[in-house]
2 protein chains.
Amino acid sequence: MAANSRFAVAAHILSLLHVNEGSRITSEYIAGSVNTNPVVVRRIMGMLAKAGLVRTSPGVAGASLARPIGEITLLDVYRAVQAEDGALFAIHEHPNPDCPVGRNIQSTLEASFLRAQLAMERELAGMTMEEVVLDLVGRT
Amino acid sequence: MAANSRFAVAAHILSLLHVNEGSRITSEYIAGSVNTNPVVVRRIMGMLAKAGLVRTSPGVAGASLARPIGEITLLDVYRAVQAEDGALFAIHEHPNPDCPVGRNIQSTLEASFLRAQLAMERELAGMTMEEVVLDLVGRT
DNA sequence: ATTCCCTGTAACTATAATGATGACAACTTA
DNA sequence: TAAGTTGTCATCATTATAGTTACAGGGAAT
């Protein structure tokens, strides 16, 4: 797989942590639900911890949510597992500076692309992990 | 580069076609402005043609816009150069069906992710290539 | 008609991002 | 101390993308 499924896996992990609150589930258990390798889970869990969404302790199972689940938005999760850059769309580098179009295309597109990205992020910010979990259990 | 810059290059190409209307520019000329290989330009131009945004003829230089530039939205361009799938965010496959969370996470996230994607697409649909070109020449 | 230029496409290579995996040190707890 | 777990590194396979070479076929100008 080359597609980035970290966002989805992160949401899956947070859902499991909430549903199993108090149980002390291991990365191996989580990996069993996600159907991947425990290392992948620990890696993503590390990103969630660095972003302040979960609390983990070395050597001890059972990570816990660092905030009420209703206060964790999908945007928080998205940002936690995204690369440094954070740009949704890439722009080709080094267009020809001697061409009127090439000289300005980057800054122009950057602005347009940013608008689209912000619209997407606004929508993500409007959804919480609580809604995700509620939908999840509602489907049984 | 592994990041997908086709969207940006496509917008660059369309801008050039409009600015040079009547000139009959070649894929080599365009490649010079984008700073890439002519084949890359022809490849993306092919996608734009298949999407009905430009008209090309084999063997003859000077593709032309198939519609007024003000009626080509950034969403049109985005869709023209995107992969079949079209999903903005990937979802991990084969979560564990024996787990309440794993069993339903896909359909739940699919709905949430789609909302975010639609917000992004709405914003792209609200911007036209005409605005891009105007901004472009305005920066001169 | 010949020549020259251009497009459309296939084939191949190089580069990155990603996920899967094995290994292991450090930590916690019984 | 022993068992189990996390955090992290290193490596490999897969995949998407862009860059590049090559070439068949179309168009146009002479």
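Both backbone and side-chain heavy atoms feed into the values below; hydrogens, waters and symmetry mates do not. In what follows, every chain begins at residue 1, and chains take the letters A, B, ... in the order their sequences are listed.
- Heavy-atom minimum distance, T56(A) versus A63(A): CG2-CB, 3.8 Å.
- Toward the 5' end of DNA chain C, the nearer of the two residues V60(B) and P38(A), judged by each one's closest nucleotide, is V60(B).
- Atoms CZ (R55(A)) and C1' (dG7(D)) sit 19 Å apart, rounded to a whole Å.
- Side-chain proximity of S5(A) to the nucleotides dT21(C), dG19(D), dG19(C) is greatest for dG19(C).
- The shortest distance between the side-chain N/O atoms of T56(A) and the OP1/OP2 oxygens of dG7(D) is below 4.0 Å.
- The nearest whole Å value for the distance from the CG atom in N37(B) to the P atom in dT9(C) is 16 Å.
- L48(A) approaches A80(A) most closely through the heavy-atom pair CD2-CB, 4.0 Å.
- By the 30° and 60° cut-offs, the orientation of the rings of H12(B) relative to H92(A) is tilted.
- Counting only heavy atoms from C-beta on, P58(A) has its side chain closest to dG7(D) among dT5(D), dG7(D), dA18(D).
- Rounded to whole Å, atom C1' of dT8(D) lies 11 Å from atom NZ of K50(A).
- Rounding to whole angstrom units, CD1 of residue I44(A) and C1' of dT6(D) are separated by 15 Å.
- In this structure, the nucleotide among dT28(C), dT7(C), dT18(C) sitting nearest to the side chain of N4(A) is dT18(C).
- At dT5(D), none of the side-chain N or O atoms of T26(A) fall inside 4.0 Å of OP1 or OP2 (strictly under the cut-off).
- Residue-to-nucleotide proximity on DNA chain D shows that, of R43(B) and R42(A), the 5′-proximal contact is made by R42(A).
- The CG-P distance, from D85(B) to dT15(D), rounds to 15 Å in whole Å.
- One interatomic measurement links the two molecules: CD of E28(B) to P of dG8(C), which rounds to 15 Å at whole-angstrom precision.
- Between G59(A) and V39(B), the residue whose closest nucleotide on DNA chain D is further toward the 5' end is G59(A).
- Within 6.0 Å of atom CD in E28(A), 12 or fewer heavy atoms from other residues, nucleotides or ligands are found, so the atom counts as exposed in its surroundings.
- Relative to the side chain of A61(B), the nucleotides dC6(C), dA20(C), dA18(D) differ in distance, and dC6(C) lies closest.
- Atoms CZ (R24(A)) and P (dT6(D)) sit 11 Å apart, rounded to a whole Å.
- OP1 or OP2 of dT6(D) sits under 4.0 Å from a side-chain N or O of S27(A).
- We find that CZ of F89(A) is positioned 19 Å from P of dA16(D), with the value rounded to whole Å.
- Pairing each heavy atom of N4(B) with each of R6(B), the nearest pair is OD1-N, 2.9 Å.
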